[in-house]
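The next block holds one structure in the form of structure tokens; read it before the comments.
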Amino acid sequence: MFEFLKKKLKQSIEGIKKAFKEEEEEVKEETKEEITEEVEKEVEVKEEIKKEEVKKPKLLERIFKKKEKKEKPKEKPKLLFEKRLSEEEFEKFFKNLEISFLQANVAYEVIQLLKEKLKEELVDKPVKRGKVEEKILNTIKQTFEEILIQMSPQKIIDKIEENKRIGEPTKFLFLGVNGTGKTTSLAKFCKWLQDKGYSVVLSASDTFRAASIEQLEKHAKNLGVKVIKHKYGADPAAVAYDAIAYARAHNIDCVLIDSAGRQHTSKNLMDELAKLKRVAKPDFTIFVADALTGNDAVEQAKEFGKIGFDAAILAKADVDQKGGAILSVSYVSEKPILFLGVGQDYKDLEPFDKEKLIQRLIK
Ligand SMILES: Nc1nc2c(ncn2[C@@H]2O[C@H](COP(=O)(O)OP(=O)(O)OP(=O)(O)O)[C@@H](O)[C@H]2O)c(=O)[nH]1
Ligand SMILES: [Mg+2]
């Protein structure tokens, strides 16, 4: 993720650095001339002082030394360190960057926020020479740090432990648009829980898509867990209800509820999902977003946000060069990212580390 943006960002910054350099050269030339004049003046003054010294008694020596100090050039070095960027120069610089961010599927709202922040830092503000890149990158870093929210998987473990104390299973509902990676992420998460020592049962609540039940059964067989299933076309909420009852009866720690992928624009399917959530009362509702989703990630996060989710998994982060979806989902939903899906194996689930991700962009 972010490889594309990193390249584009570097190009835009190179442009602005060039503008700084050109101006710096001009200032250097000017300053050189001025400094030469100053030096010549100083030499004259010193020579005069020497002449005076010969004439004047030693007592007056200090007074002349003071005078000598005062004559030295003062303000010049400052010029070498500062430049103020005009609004026009900033707009020109940001236009390139804006296009790059749009190409990287970063939501328009996020781009506008970034623009405001950069403008605040750069326009009409003194920027130390050689420091413009650092300033831009720091501002982007801070903005992304504000947008991206991270959820520690420890929160999940704490909840499971809390529920175990009252003899209740912890329930997880996975939801999202068709094909984003819900079932695969659920299976990876199952493995993650097993590695932590917890027992799991799966609920085949995608009763809609052809072969969805078999797909889940295959994962269950590989992972050595039970699946509770009904027939295709059955009520997904009824399947979840049975899976939860099974977990209670067999003292199983976690219930993972799969669901059918649906377009966020389909009201009936979204209502069905709301019912599944009402019945199952999950401890964690997890929205699975596809890192490869373009601008649609914004609309998806808004619509699934109406059903309500607690955290997101961003699947297919391994094949995404752009990284826009993660920013869009975080910004729009204001919900934390829990894991990144980084491949098709069960082990390919990484706790989301926002600092690590941001470093990938700005280093
Ligand atoms: N490279 C990569 N592929 C992934 C990842 N997660 C899922 N996939 C692939 O994405 C495809 C869809 O994954 P599923 O888990 O079936 O997606 P889904 O959301 O359950 O799909 P529906 O049930 O049809 O809505 C499969 O081919 C997965 O192997 C990931 O993190 N990285
Ligand atoms: Mg599925």
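In each ligand, atom 1 is the first atom listed, and ligand 1 is the first ligand listed. Just so you know, residue 1 is the first one in the sequence shown, and it goes up from there. No hydrogens, no waters, no symmetry mates; every other heavy atom, side chains included, goes into these values.
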>> I want to know if ligand 1 touches G181 in the polar sense, i.e. an N/O pair below 3.5 angstrom.
In response: yes
- Message: Between the side chains of K354 and E145, is the shortest nitrogen-to-carboxylate-oxygen separation below 4.0 Å, so that they form an ion pair?
- Response: no
Heavy-atom proximity to atom 11 (C) of ligand 1 ranks first, among R209, Q344, K316, for K316
Quick note on ligand 1: atoms under 4.0 Å from a heavy atom of G261 include exactly 25 (O)
Closest to atom 26 (C) of ligand 1 (heavy atoms only, candidates D348, D345, T184, D320) is T184
Q.
Between ligand 1 and V319, is the shortest N or O to N or O distance under 3.5 Å?
A. no
Worksheet item: Does ligand 1 have an atom that lies less than 4.0 angstrom from a heavy atom of K188?
Response: yes
Counting both backbone and side chain atoms, is some N or O of Q215 under 3.5 Å from an N or O of ligand 1?
-> yes
Distance-only N or O hit between ligand 1 and G179, under 3.5 Å: yes
I'd like to know whether NZ of K229 has more than 12 heavy-atom contacts from other residues, nucleotides or ligands below 6.0 angstrom.
no
Numbered in order shown, the ligand 1 atoms found under 4.0 Å of a heavy atom of D206 are 23 (O)
Discussion item. Do Q112 and Y108 pair up side chain to side chain, a donor and an acceptor below 3.5 Å, judged on atom types alone?
Written reply: yes
- Query: Quick one: does A260 get an N or O within less than 3.5 Å of an N or O on ligand 1?
  - Reply: no
**OP:** May I ask you to decide whether D253 forms a salt bridge with K164, counting only side-chain N to carboxylate O separations under 4.0 Å?
**Re:** yes
A student comparing L340, D318, T180, V342 should find that the heavy atom closest to atom 2 (C) of ligand 1 comes from D318
When you check the gap from the basic side-chain N to the acidic O, do K188 and D345 get nearer than 4.0 Å?
no
Does ligand 1 have an atom under 4.0 Å from some heavy atom of G343?
-> yes
Basic-acidic side-chain contact under 4.0 Å: E134, K131: yes
Per-atom filter on ligand 1: closer than 4.0 angstrom to a heavy atom of N178 are 25 (O)
Honestly, for E350 the part within reach of ligand 1 (heavy atoms, under 4.0 Å) is neither
shortest atom 18 (P) of ligand 1-to-protein heavy-atom contact is with K182 N, 3.4 Å
ask   = Would you say G176 touches ligand 1, if touching means a heavy atom closer than 4.0 Å?
value = no
- prompt: Between E146 and T143, do the side chains contain an N or O donor and an N or O acceptor separated by less than 3.5 Å?
  reply: no
G341 heavy atoms within 4.0 Å reach ligand 1 at atoms 31 (O)
SB check K119 E87 (cutoff 4.0 Å) = yes
With distance as the sole criterion, is a donor-acceptor pair present between the side chains of Q154 and D158 under 3.5 Å? yes
*Check the pair Y346, W192 against ring-ring contact (aromatic ring centres under 6.0 Å, His included), reporting the backbone distance first and the verdict last.*
CA-CA 8 Å; Y346 294 121; W192 185 85; over 10 Å; no
Within the stated cut-off of 2.8 Å, is an N/O/S atom of Q215 closer than that to the Mg ion (ligand 2)?
no
Decide whether L276 and F309 are clustered together by the hydrophobic rule: side chain heavy atoms of Ile, Leu, Val, Met, Phe, Trp, Tyr closer than 4.5 Å, transitively. yes
